Student: 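One structure follows; several queries about it will come next.
Not measured: the values here are computed from a predicted model.
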Amino acid sequence: GSLREAQDTFEEALARGGRAVTLIARVEQNLGILANIRGDLKQAESHYRGSLAAYEESNDQHGCGIAFHNLGMLSADREHWDQAEEHYRQSLEIARASGIRFVQLQFTDIIGSVKAVTIPIHQLESSVTHGTWFDGSSIEGFTRIAESDQYLMPDMSTFAELPWQKGAGQRGTARVICDVYTPRGEPFVGDPRFVLRRQVERARKLGYIVNMGPELEFFLFRRNGDGR
């Protein structure tokens, strides 16, 4: 029931969107995700390609990268490995074309603090394909020294340029959120992202859709006459 209601809502937004291409791109993307959840891979591909077309029309390079990533994931689900590799490569080319020189591979420790491993852009393709190894024993709550080897797998749908280190500058940097894996290729059970994904899947099986977002906290200060 909840999936059907969500689809109806997105389709109504699509019908009312007119030529608002940014809205169309995001709605098509969400419809693709819903179709993928239902197991309708053909319909999911149609919506993902619709989102790609809209992102291209609005010249949104970041959105194009997300669309190519989604198509790559879909091809991997279908075991169309050649197509998946091509979609991932296109996503990486968009990252390079934006002038990015470094990428922060971000993840969180067990209490939610953001950690990162920074790599040069030319290593991103290898990281997407093979992962990037790191010492898990140095992260609070992860593993003991004898079990320290872990690796990060980037989720290219989260790729984004850091606004304070833009691609046009000398240290253009982007970030991509990663999943943590063990040397056996299994998701690390202490990875908060994996725990959340597992609970979202439990909710999906019960007929629910989980929506979440960050809670922003900040302070506003009034300046005096000296600008302090």
Student: Out of curiosity, Q104 CD to I177 CD1, how far, rounded to the nearest 0.5 Å?
Tutor: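 Nearest 0.5 Å value for the CD-CD1 distance: 11.5 Å.
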Student: Any chance you could measure R193, atom CZ, to F188, atom CZ, to the nearest 0.5 Å?
Tutor: 15.5 Å
Student: Can you tell me how far apart CD (Q150) and CG (D135) are? Round to the nearest 0.5 Å.
Tutor: 8.5 Å
Student: Where do Y181 and P187 come nearest, in terms of heavy atoms and distance?
Tutor: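 Taking Y181 first and P187 second, the nearest heavy atoms are CD2-N, 3.6 Å.
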Student: Ignoring hydrogens and angles, tell me if any N or O in the side chain of D155 forms a donor-acceptor pair with the backbone of C178 under 3.5 Å.
Tutor: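 Absent.
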Student: State whether R198 and E201 are salt-bridged, where the test is any N-O pair (Lys NZ or Arg NE/NH1/NH2 against Asp/Glu carboxylate O) under 4.0 Å.
Tutor: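 No, no charged N to carboxylate O under 4.0 Å.
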Student: To the nearest 0.5 Å, what is the distance between OG1 (T132) and CD1 (I119)?
Tutor: 4.5 Å
Student: With a 4.5 Å cut-off on side-chain heavy atoms, are L52 and E56 touching?
Tutor: yes
Student: Residues in side chain to side chain contact (heavy atoms under 4.5 Å, CB included) with A203, at least two apart?
Tutor: Y208, V210
Student: Can you name the closest pair of heavy atoms from T108 and P192 and give their distance?
Tutor: OG1-CG, 3.4 Å
Student: Which atoms form the tightest heavy-atom contact between A174 and F159, and what is the distance?
Tutor: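 Looking at all heavy atoms of both residues, the shortest contact is CB-CZ, 3.4 Å.
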Student: What pair of heavy atoms forms the shortest contact from A116 to F107, and how long is it?
Tutor: N-CE2, 4.2 Å
Student: Quick one, E161 and I100 - any side-chain contact, counting heavy atoms below 4.5 Å?
Tutor: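 Yes; the side chains approach each other to less than 4.5 Å.
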Student: In terms of ring plane angle, is the pair W133 and Y151 parallel, tilted or perpendicular, where the classes change at 30° and 60°?
Tutor: tilted
Student: Could you measure the distance from the CD atom of E125 to the NE2 atom of H130? Nearest 0.5 Å is fine.
Tutor: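 Nearest 0.5 Å value for the CD-NE2 distance: 8.5 Å.
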Student: State whether the side chain of S127 and the backbone N or O of L124 hold a donor-acceptor pair below 3.5 Å, judged by distance alone.
Tutor: no
Student: Nearest 0.5 Å please: distance from the OG1 atom of T118 over to the CZ atom of R175.
Tutor: 13.0 Å
Student: Using a 4.5 Å cut-off on heavy atoms from C-beta on, say whether the side chain of V180 contacts that of F194.
Tutor: no
Student: Kindly give the heavy-atom pair with the smallest separation between V128 and M153, and that separation in Å.
Tutor: O-CE, 3.2 Å
Student: Looking at side-chain heavy atoms only, is the closest gap between D191 and D179 below 4.5 Å?
Tutor: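 With C-beta onward as the side chain, the pair touches.
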Student: Under the side chain to side chain contact (heavy atoms under 4.5 Å, CB included) test, which residues partner R223, sequence neighbours left out?
Tutor: none
